[in-house]
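The next block holds one structure in the form of structure tokens; read it before the comments.
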Amino acid sequence: DAERATLAAMLLDPEAASTLASRLARSTFHLAAHGLIHGAVAALVAEGVPLDLVSVSGKLRERGDLDAAGGPQYLSRLLEHAASTANWRHHAATLERLERSRAVRAGALSLAEGVGAFSAPEAVQEAARRLLDLSKPRDAERGPSHVSVGLSDVFTKGAQPAVPFGLQELGPLDLNPSQLCVVGARP
């Protein structure tokens with residue numbers, strides 16, 4: 001239900017769409033059809049195309065994914081899960097937590113299956129490497145994105161941006177229209 005509610009919110013709420021297009025990934029969604037729909041919505045957001053059932057169906061058709069995503073009927077049924085778009089942040093956080101749980105479970109199973117191929121110290125080292133990979137910030141997994149994705153609300157609604165950059169101890173960057181702030185770092 002959280003997946004459907006999140007996708008419905010993205011279709012109905014431009015703020016949810018612009019935020020979650022870059023914050024969530026296809027892998028965030030347990031159902032493959034939902035990952036395809038998210039990918040189409042994210043592509044439309046990046047292109048600056050207004051979201052509705054017609055534009056999302058068209059993007060899925062263009063990609064050859066409309067049937068795999070459940071077709072136009074499924075897209076319209078998604079909107080039934082949008083009694084309110086007020087909780088989209090909570091639903092998205094739930095999806096991210098579940099995605100991490102799936103990744104930890106899959107990593108543990110994979111390590112358990114291959115443990116015979118490692119000596120004891122190598123197995124510990126491999127487990128530590130995999131846990132470190134899981135602890136990376138989500139933005140580091142996605143790589144760079146176009147500036148328009150992160151700042152679209154600033155230009156369209158005059159919203160104050162908070163750019164996620166993975167350094168929790170610094171918190172969000174608060175920028176105002178007269179500032180240019182460039183943050184850079186090496187891995």
Side-chain angles (χ1 to χ4, degrees), residues 1-63 65-66 68-103 136-166 168 171-177:
D1 283 347
E3 289 190 8
R4 290 189 292 266
T6 300
L7 290 171
M10 289 179 74
L11 290 171
L12 296 171
D13 184 336
E15 180 186 2
S18 66
T19 300
L20 298 179
S22 61
R23 178 174 155 188
L24 303 180
R26 184 176 180 169
S27 63
T28 306
F29 296 88
H30 184 66
L31 293 178
H34 292 167
L36 294 172
I37 294 167
H38 174 269
V41 169
L44 291 169
V45 167
E47 294 167 11
V49 175
L51 297 175
D52 58 25
L53 293 176
V54 174
S55 62
V56 175
S57 292
K59 180 56 79 174
L60 287 165
R61 185 177 292 111
E62 176 185 306
R63 293 174 161 200
D65 291 335
L66 184 59
Q73 300 83 7
Y74 185 73
L75 285 174
S76 62
R77 283 197 316 264
L78 275 177
L79 296 180
E80 294 171 7
H81 293 276
S84 169
T85 60
N87 295 323
W88 63 264
R89 287 176 183 84
H90 171 73
H91 296 311
T94 299
L95 296 183
E96 290 171 321
R97 183 177 39 78
L98 292 171
E99 177 188 22
R100 286 285 184 207
S101 294
R102 288 192 304 269
K136 287 181 184 174
R138 292 191 53 80
D139 293 336
E141 296 171 9
R142 290 213 172 71
S145 63
H146 193 274
V147 69
S148 66
V149 173
L151 298 178
S152 64
D153 284 348
V154 174
F155 299 115
T156 59
K157 296 188 261 183
Q160 291 293 320
V163 182
F165 52 90
Q168 301 302 320
L173 292 176
D174 292 323
L175 307 175
N176 68 49

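All residue numbers refer to positions in the sequence shown, counting from 1.
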(message) Side chains of I37 and F29, heavy atoms from C-beta outward: is any pair under 4.5 Å?
(response) no
(message) Distance check, rounded to the nearest 0.5 Å: E96 atom CD versus T6 atom OG1?
(response) 9.5 Å
(request) Nearest 0.5 Å please: distance from the CG atom of L20 over to the CH2 atom of W88. (result) 5.0 Å
(message) Would you compute the distance between atom OG of S57 and atom CD of Q73 and round it to the nearest 0.5 angstrom?
(response) 9.0 Å
(request) Could you tell me which non-hydrogen atom of L51 sits nearest to which non-hydrogen atom of A17, and how far apart they are? (result) CD1-CB, 3.3 Å
(request) Give a yes or no answer on whether the side chain of H38 reaches the backbone of M10 with a donor-acceptor pair at less than 3.5 Å. (result) no
(message) Could you report the tightest heavy-atom contact between A16 and A9, atom names first, then the distance?
(response) CB-O, 3.8 Å
(request) Determine whether P72 and L66 make a side-chain contact, defined as any pair of heavy atoms from C-beta on separated by less than 4.5 Å. (result) yes
(message) Once side-chain hydrogen bond (donor to acceptor under 3.5 Å, both in side chains) is applied, do any residues pair with H34, and if so which ones, sequence neighbours excluded?
(response) E3, Y74
(request) Hey, could you give me the CG/CG distance between L53 and L79, rounded to the nearest 0.5 Å? (result) 5.0 Å
(request) With sequence neighbours excluded, give me every salt bridge (Lys or Arg N to Asp or Glu O under 4.0 Å) pair touching residues 49-59. (result) E47-K59, K59-E62
(message) What verdict does the side-chain contact (heavy atoms from CB on, under 4.5 Å) test give for V56 and L44, after you've listed the backbone C-alpha separation in whole Å, the side-chain angles of each residue and the deciding distance to 0.1 Å?
(response) CA-CA 8 Å; V56 175; L44 291 169; 3.8 Å; yes
(request) Flag the pair L95 / E99 as yes when at least one side-chain heavy-atom distance between them is below 4.5 Å, and no otherwise. (result) no
(message) Show the nearest heavy-atom pair for residues S55 and P50, with the distance to one decimal.
(response) OG-O, 3.0 Å
(request) Write down the atom of L36, the atom of A68, and the distance for their closest heavy-atom approach. (result) CD1-CB, 3.6 Å
(message) For a quick test of reading the model, state the closest non-hydrogen atom pair linking R102 to S27 and the distance between them.
(response) NH2-O, 3.2 Å
(message) Donor-acceptor pair, distance only, cut-off 3.5 Å: does the side chain of T28 make one with the backbone of A25?
(response) yes
(request) Considering non-hydrogen atoms only, spot the tightest contact between L60 and A69 and give its length. (result) CD1-CB, 3.9 Å
